[in-house]
Amino acid sequence: MKNIENMTSEEAKAELAYLAAEIARCDQAYYQKDDPYLTDAEYDDLKHYNNAIEAKFPELIRADSPSKRVGAVVQSQFKKIEHRFPMLSLGDVFSMEAVADFVMGVKRFLNTSEFIAFMAEPKIDGLSFSARYEQGRFVSGATRGDGVVGEDITENLKTIRQLPLQLPEGVPEVLEVRGEVYMAKSDFFALNERNAAQKKKIFANPRNAAAGSLRQLDANVTAERKLSIWAYTWGEVSERQWHSQEEFFQKLQEWGFPINPLNRVCYSLAEIENNFKHIMELRADLPYDIDGVVYKVNSIELQERLGFLTRTPRWAIAHKFPAEQALTRINNIRIQVGRTGALTPVADLEPINVGGVMVSHATLHNEDEIQRKDIRIGDMVIVQRAGDVIPQIVGVNKAHRPQNSEPYVFPSVCPECGAHAIKEEDEAIRRCTGGLTCPAQAKESLKHFVSKEAFDIVGLGDKVIEDFFADGILREPVDIFTLETRNRPAMDLFAQGNGLELEKREGWGTLSVRKLFAAINERRKISLPRFIYALGIRQVGSATSLLLAKHYGSFDNLQNDMLARETAKLVAIDGIGGAMAKDIVEFFNEEHNQRAIADLRKYVQVDEFVDEDIKDSPLSGKTVVFTGTLEKMARAEAKALAQKFGAKVAGSVSSHTDFVVVGADAGSKAKKAAELGVAVLSEAEFMDMTSR
Ligand code: IVH
């Protein structure tokens, strides 16, 4: 180390360059190879030396400086980052049979009888991140968020030593590397011990500790916590230099990312099964938490052919470990009334640790379930938790049943409003008949309306809805949009402008009220999928809302068809079944809903839905029918491809059909097409229209 006092700017520049590279090399040796070549003291000396030079020559601080791995400015809120390629999630399966079904499905889709190679990777129980590199330099990092928009955690990620800030020459100009941030079990225990001594927050499990440490506005806090990463997939890339998941891992390794050593390619179902068992045996002794094994089709070409369902890839699946269980007591059974009036029994439990998480409630699903399992207050029960799902009760330990115990009697009236609660013959669920006059249903509907995937109105949390509802300020969705005018009514000589005066409420002030109105006003224009979702139609979640938006394009189109009870058209949409279609049609034909929708639309503009990906495809908006045997792909793949390019796929030829794609041995449909003068495409022509 040189004397800093007499150092010239030239020398300082060279020293800082050397130190950035050397410290990165040490980090890599320590964190990736588990083979440090410096002692901790030597390493600290290097960092102090680096910091001292930087203090004297602040203008020379490098973008990839090792000092940047600690701390950064404290902001009031995370900035948002929109993922150019969404961060998807994976479908779950819990048995080898289900894995075999998945593999079969993949083979069927690809129309092949040969086994396809899969990369099997431990499923890390942490939080996913996306790290963006431009010209090889780390420029930004984000959390998954809702998959489309995440939070900007650039500064926090920089503090994780295993994440390279500078990549070697030859990497794609734009490269997003994605993976999991986690906290090693030992670091988790140490953190909790330290926190306990200082009477600070105790984390329930390493995953929560990792989340709490990463999502810190003050990156100095993140820097103090020991976080680690595994890299396993990519987002945007300017030039994909790999053809398989396996090759991608080799690249990641060359570039200095930590790759899980248990990742391996499997060439048969038997290998998949053996590997799963092997990893399950290792699980308890691994230094980090995993909750299953992920299988990904190894070939990227095949991945691309397989494509995606709404939120999950067709080419990957998560094989989860069996759920964890524990024994505890039921202290009480409560009935919750949901948005659709469903009465759901919930068991209040003596709190218990189940596989690292404290559990104090479990769902009992419905009254049949209680009866079938004969679950009673006071019983000792086996509770089970699997991943993020709500804990469930697997069974009762009757040997411990208290002597005076009595069977549980399910209420026949709504505990919230007293209306009759009835159970339709073919339904398992008992529902309150109070509709929106039932305060529980009305409140839950409002909460749903403002929730993240619906109108996403910041400032209208559950507590505020409860309070405003109780005081009659908000009773139904439209009230949200008249809140501001009701708060400050226009001066009127005759009516004295007695407003709501929200700013005088406890916990509110001028600023918070102004913020709330601003948040509401931002939502006076809303996307079609969000609007549909917000209506809270039974069984219609955000994925179905998106399907409906794609299919109908505008709210009027959807509403008109539903008022005309066009159930057949709904069922023709891939992903919408008969029962769901019935609920949708009924929703739109209910008088109260019609009024609520009409009221809302006076204040809210619902945008038409334009699917950016497909708007200029030659198939966009066209109706396509397939007939005969296709050579290059199975019917399912062809259908998915057509839909990807904006087409609707129908089963029979009519005057509404735009194209009939004809394979070998086509029969009556080809003939009908000729009769009606519908354009006929060969398989090759169809492929041409979809090769972009
Ligand atoms: S791949 C399109 N690989 O599991 C594929 N995910 O349920 C996207 N996860 O959000 C994910 N280990 O947080 C992938 N080896 C692995 C993983 C993994 C853990 C998490 C990840 C993701 C979730 C999906």
Side-chain angles (χ1 to χ4, degrees), residues 83-94 98-99 102 106 118-131 141-151 153 157 160 162 176-184 205-211 214-215 227-237 240 242 244-246 248-249 252-253 257-266 272 275-276 279-280 282-283 286-300 302-321 386-389 543:
H83 301 298
R84 299 222 197 133
F85 286 73
M87 287 181 80
L88 300 161
S89 53
L90 296 169
D92 281 348
V93 290
F94 287 87
V99 174
F102 162 73
V106 166
F118 286 88
M119 176 64 79
E121 309 167 20
K123 185 167 190 297
I124 315 300
D125 200 6
L127 301 89
S128 42
F129 72 91
S130 183
T143 59
R144 176 169 183 275
D146 61 5
V148 179
V149 179
E151 284 173 330
I153 49 158
L157 279 181
I160 302 177
Q162 287 176 309
E176 284 176 3
V177 172
R178 293 176 175 176
E180 203 84 349
V181 174
Y182 66 96
M183 187 177 281
N205 54 47
R207 188 183 181 282
N208 290 1
L214 188 65
R215 295 185 66 262
L227 292 176
S228 309
I229 55 167
W230 297 120
Y232 53 63
T233 193
W234 65 91
E236 186 178 2
V237 272
R240 182 163 53 70
W242 52 92
S244 65
Q245 181 72 11
E246 192 181 13
F248 177 61
F249 281 143
L252 283 177
Q253 190 131 33
F257 290 92
I259 309 305
N260 192 293
L262 296 172
N263 296 341
R264 85 170 251 224
V265 188
C266 294
I272 287 187
N275 180 65
F276 183 75
I279 291 185
M280 199 147 66
L282 294 179
R283 183 184 189 188
L286 289 177
Y288 47 87
D289 273 348
I290 61 173
D291 57 355
V293 179
V294 178
Y295 306 119
K296 300 176 185 167
V297 168
N298 191 33
S299 151
I300 312 300
L302 297 185
Q303 285 185 6
E304 283 177 348
R305 275 179 59 191
L306 284 155
F308 300 89
L309 294 157
T310 321
R311 282 215 177 146
T312 56
R314 267 200 203 89
W315 44 265
I317 200 136
H319 185 182
K320 304 287 276 291
F321 293 136
D388 290 337
V389 300

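Counting starts at 1 for both ligands and their atoms, following the listed order. Just so you know, these numbers come straight off a predicted model, no measurement behind them. What you see below is based on every heavy atom in this structure, not just the backbone, and it leaves out hydrogens, waters and symmetry mates.
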Original post:
With a cut-off of 4.0 Å, which atoms of ligand 1 are near a heavy atom of Glu121?
Top reply: 3 (N), 15 (N), 16 (C)
Original post:
By number and element, which atoms of ligand 1 are closer than 4.0 Å to a non-hydrogen atom of Ser128?
Top reply: 10 (O), 13 (O)
Nearest neighbour in protein (non-hydrogen) for [atom]:
{"atom": "atom 2 (C) of ligand 1", "result": "Pro313 CG, 3.6 Å"}
{"atom": "atom 8 (C) of ligand 1", "result": "Leu88 O, 3.9 Å"}
{"atom": "atom 5 (C) of ligand 1", "result": "Leu90 CD2, 3.8 Å"}
{"atom": "atom 23 (C) of ligand 1", "result": "Lys123 NZ, 4.0 Å"}

Original post:
Relative to atom 20 (C) of ligand 1, which among Lys320, Glu180, Met119 owns the nearest non-hydrogen atom?
Top reply: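 It is Glu180 whose heavy atom sits nearest to atom 20 (C) of ligand 1.
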Original post:
Given Trp234, Tyr232, Trp230, Trp315, which has its nearest heavy atom closest to atom 21 (C) of ligand 1?
Top reply: Tyr232
Tell me whether [X] reaches ligand 1 (any heavy atom closer than 4.0 angstrom to a ligand atom).
{"X": "Ala318", "value": "no"}
{"X": "Ile124", "value": "yes"}
{"X": "Gly126", "value": "no"}
{"X": "Met87", "value": "no"}

Looking at [Y], is its backbone amide N or carbonyl O close enough to the side chain of [X] to form a donor-acceptor pair, meaning the two atoms are under 3.5 Å apart?
{"X": "Glu180", "Y": "Trp230", "value": "no"}
{"X": "His83", "Y": "Thr143", "value": "yes"}
{"X": "Arg144", "Y": "Met87", "value": "yes"}
{"X": "Gln303", "Y": "Val297", "value": "yes"}
{"X": "Arg207", "Y": "Gly126", "value": "yes"}

Original post:
Would one find an N or O of Ser89, backbone or side chain, under 3.5 Å from an N or O of ligand 1?
Top reply: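 N/O-N/O distance under 3.5 Å: no.
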**OP:** Evaluate the side-chain contact (heavy atoms from CB on, under 4.5 Å) criterion for residues Lys296 and Tyr232: first the C-alpha distance (whole Å), next the side-chain angles of each, then the deciding distance (0.1 Å), finally the verdict.
**Re:** CA-CA 11 Å; Lys296 300 176 185 167; Tyr232 53 63; 4.0 Å; yes
